**Q** 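Dropping the structure in here first, questions after.
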Amino acid sequence: MFAIFTKIKDRVEAFLNEKNIVTDCLNKIEEKTGIKKRYLAYGAAGVTGAFLLLGYGASLICNLIGFVYPAYFSIKAIESPGKEDDTQWLTYWVIYGFFSVGEFFSDIFLHWFPFYYVCKCLFLLWCMAPVSWNGSQVLYRHVVRPFFLKHEAAVDGMVSNISVKAMSAAENVTREVLHTLVRNRTVGPAESEPRSLPSSAHVCITQNTHLTQ
């Protein structure tokens, strides 16, 4: 347990020593207040925990914790030459996707439980913890991967059928739209017949009639 907290502390220290928008803000606050940015970060974590316990904005805070931090390190993993961190964060996003889908159907019941958002936040932190047995690795190896390998062929067939049906439906809709546009251009509103100019003979008869009168 002590090793876990040591790794988390080292990760936090490394993050605070990096050049990013968060550390820039912390450095400005440190210059104005004289409080070290390490303590500012701990204070912000304490305030976040208090909001999670009280429930004010807890859903937003959980979503930010579960998305912003992993998204930042996922971008860094993409830009890094190694592939180990890519696999680590891809595994996290797989578990996060399954968790989000499950929560969508159960949130209406679960959010009534006391300390639900605290438990959710702790679960997400466990999934992204910088240890080899973090939540995403454990759940992927023991739940997601066995299920996927067992049903991979069936899932591939289902996805292929859905793709074919979606492409066919899109082609049918496109064809109908094009036919409608062509038909509307071909069968336009009937043009009014142009008026014929009076003939010269009619003009002459009219002028002779006026002269006789």
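Being a predicted model, the structure only gives us computed values, none of them experimental. Start at 1 with the first residue, then count along the sequence. Note that these values count all heavy atoms, side chains included, but never hydrogens, waters or copies made by symmetry.
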**Q** What pairs with D86 under side-chain hydrogen bond (donor to acceptor under 3.5 Å, both in side chains), at least two apart in sequence or on another chain?
**A**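 With sequence neighbours excluded, D86 shows a side-chain hydrogen bond (donor to acceptor under 3.5 Å, both in side chains) to no residue whatsoever.
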**Q** Apply side-chain contact (heavy atoms from CB on, under 4.5 Å) to T91 and list each qualifying residue two or more places apart in sequence or on a separate chain.
**A** T87, S136, Q137, Y140
**Q** Do V143 and V155 share a hydrophobic cluster (ILVMFWY, side-chain heavy atoms under 4.5 Å, transitive)?
**A**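 Per the 4.5 Å side-chain linkage, V143 and V155 are not co-clustered.
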**Q** Determine, using the 4.5 Å side-chain heavy-atom cutoff (strictly less than), whether I75 and I65 are members of one ILVMFWY cluster.
**A**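 Per the 4.5 Å side-chain linkage, I75 and I65 are not co-clustered.
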**Q** Mind checking whether F123 and C127 have side chains closer than 4.5 Å, heavy atoms only?
**A**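 The answer is yes; the side chains approach within 4.5 Å.
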**Q** Please check if atom CZ in R145 has more than 12 non-hydrogen atoms from other residues, nucleotides or ligands closer than 6.0 Å.
**A**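 Counting neighbours around CZ of R145, 12 or fewer heavy atoms of other residues, nucleotides or ligands fall under 6.0 Å, so no.
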**Q** Rounded to the nearest 0.5 Å, what's the gap from CH2 on W89 to CG on D85? Could you check?
**A**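 Answer rounded to 0.5 Å: 9.5 Å.
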**Q** Kindly write out the residues that satisfy ring pair (Phe, Tyr, Trp, His ring centres under 6.0 Å) with W126, not counting sequence neighbours, or none if the list is empty.
**A** none
**Q** Quick one: do V164 and I162 end up in the same hydrophobic cluster if we chain Ile, Leu, Val, Met, Phe, Trp and Tyr together by side-chain heavy atoms under 4.5 Å apart?
**A** no
**Q** Taking distance alone, no hydrogens or angles, what donor-acceptor pairs closer than 3.5 Å link side-chain atoms of residues 168-180 to residues at least two apart or in another chain?
**A**
{"from": "N172", "atom 1": "OD1", "to": "R175", "atom 2": "NH1", "distance (Å)": "3.0"}
{"from": "N172", "atom 1": "ND2", "to": "S168", "atom 2": "O", "distance (Å)": "3.2"}
{"from": "T174", "atom 1": "OG1", "to": "A170", "atom 2": "O", "distance (Å)": "2.7"}
{"from": "T180", "atom 1": "OG1", "to": "E176", "atom 2": "O", "distance (Å)": "2.8"}

**Q** Are V68 and F73 connected, step by step, through hydrophobic side chains (Ile, Leu, Val, Met, Phe, Trp, Tyr) whose heavy atoms are closer than 4.5 Å?
**A** yes
**Q** Within the structure provided, determine whether M158 and N161 are in side-chain contact (heavy-atom separation under 4.5 Å).
**A** no
**Q** Do H151 and D156 have side-chain heavy atoms sitting under 4.5 Å apart?
**A** no
**Q** OG/S100 to CZ/F67 distance, rounded to the nearest 0.5 angstrom?
**A** 10.5 Å
**Q** Measure the CZ-CG distance between F98 and L139 for me, rounded to the nearest 0.5 Å.
**A**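 Those atoms lie 11.0 Å apart.
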**Q** Could you tell me the separation between the CG atom of N134 and the OH atom of Y92, rounded to the nearest 0.5 Å?
**A** 10.5 Å
**Q** Is there a path of hydrophobic side-chain contacts, each under 4.5 Å between heavy atoms of I/L/V/M/F/W/Y residues, joining V138 to M128?
**A**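 In one cluster with M128: V138, yes.
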**Q** Which atom pair, heavy atoms only, marks the closest approach of G66 to Y96?
**A** O-CE1, 3.6 Å
**Q** I need the S74 OG to Y69 OH distance, nearest 0.5 Å.
**A** 10.5 Å
**Q** Atom NZ in K83, atom CD1 in I78: separation rounded to 0.5 Å?
**A**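 Answer rounded to 0.5 Å: 9.0 Å.
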**Q** Would you please name every residue forming a side-chain hydrogen bond (donor to acceptor under 3.5 Å, both in side chains) with K76, sequence neighbours left out?
**A** E18
**Q** By side-chain contact (heavy atoms from CB on, under 4.5 Å), which residues pair with L90, not counting sequence neighbours?
**A** none
